[in-house]
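Taking it in order: structure first as structure tokens, then the write-up.
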Amino acid sequence: MPELPEVEVTRRGVAPHIEGRTVQDVVLRRAGLRWPFPEQLQQLLAGRTVRGTGRRGKYLLVHFDHGTLIIHLGMSGHLRVMASGIEPEKHDHFDLVVTSPEGPQVLRMKDPRRFGAVLWHDAADGALEHHVLLRALGVEPLEAGFSGKLLYDRTRGRSAPVKQVLLAGDIVVGVGNIYASESLFRAGINPKTPAGRISLARYEKLAQAIREILAEAIIQGGSTLRDFISVNGQSGYFQQTYFVYDRAGVPCKVCAAPVRQIKQGQRSTFYCINCQK
């Protein structure tokens, strides 16, 4: 599933093509994806101007004066920007058609597995952060509210392994499986360590590692995860710099010990027993 860097890469690719543009049409080719498409979405958006884009965790946000379109890429979804008139392919389920100086452009969502989502939050229903999918999310790891002290304070008394706490998303959002493994390696923390037993100093180091890893991944276009490709059709290449993720049995790049793989909460965890204490 695309993680925070992949969604941010997508947002940055989409933004110049839709921000400030007027919606001409909305095309829905099925009743919905993971959840039904919003009723009357074409009537809601036609003639309206895109005021900006954003991201909350792994959700892409398209802002209008009267509400926000919430897009989730699911396990296999991706967005492409193309000229109007290009025929849709089998799994192209959603089009947002906008004006441009060169003629209408289409923001098209392809989602073969249909685990993605296109939802609408109306401004009349209250603040966006109170939406059912967003209200329980933790702080953004690349914003000022995230720190080692936050991790330390919010994990006192928690016996769950630190990697599971990172993935839960209630303290910090968007640190998925790949980037949690890589961040814990950079911080030298064993992923099985109970979250409540980690010191403030080590959490400060982990917070810095998370910020660095996510920023580096965004710069490199994210990771190639199954069907993930960016808006321009290119794959990310952060996977070429992995230290532990998906390297089970391969010598650690730091100490040469074999990288280990275990299961935590039905997810694969990769770590080095020598470098991560």
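Residues take their numbers from the sequence shown, with the count starting at 1.
Checked for salt-bridge contact, Lys58 and Glu3 miss the test: no charged N lies under 4.0 Å from a carboxylate O. Classification of Arg55 and Glu140 as a salt-bridged pair holds, one side-chain N sitting under 4.0 Å from a carboxylate O. One finds a salt bridge joining Glu8 and Arg12 here, because a Lys/Arg side-chain nitrogen approaches an Asp/Glu carboxylate oxygen to under 4.0 Å. Of the charged side-chain nitrogens involved, at least one lies within less than 4.0 Å of a carboxylate oxygen, so that Arg29 and Asp95 count as a salt-bridged pair.
Taking CG from Leu4 and CG from Leu142, the interatomic distance works out to 6.0 Å, rounded to the nearest 0.5 Å.
In this pair, Tyr203 and Tyr152 present their aromatic rings perpendicular. The plane angle is above 60°, beyond the 30 to 60° band.
With respect to Lys110, the side chain to side chain donor-acceptor pair (under 3.5 Å) criterion is satisfied by exactly one of His93, His91, Glu89: Glu89.
Checked against the 6.0 Å centroid threshold, Trp120 and His66 count as a close aromatic pair.
Counting non-hydrogen atoms of neighbouring residues, nucleotides and ligands closer than 6.0 angstrom, the CZ atom of Arg34 reaches no more than 12 such neighbours. Within a 6.0 Å sphere centred on CD of Glu129, other residues, nucleotides and ligands contribute more than 12 heavy atoms.
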Would you please test Glu19 and Thr53 for side chain to side chain donor-acceptor pair (under 3.5 Å) and show each step?
-> CA-CA 7 Å; Glu19 290 183 343; Thr53 60; 2.7 Å; yes
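In this structure, the side chain of His130 does not engage the main chain of Leu128 through any donor-acceptor pair within 3.5 Å. Thr49 contributes no side-chain N or O that, together with a main-chain N or O of Thr22, makes up a donor-acceptor pair within less than 3.5 Å.
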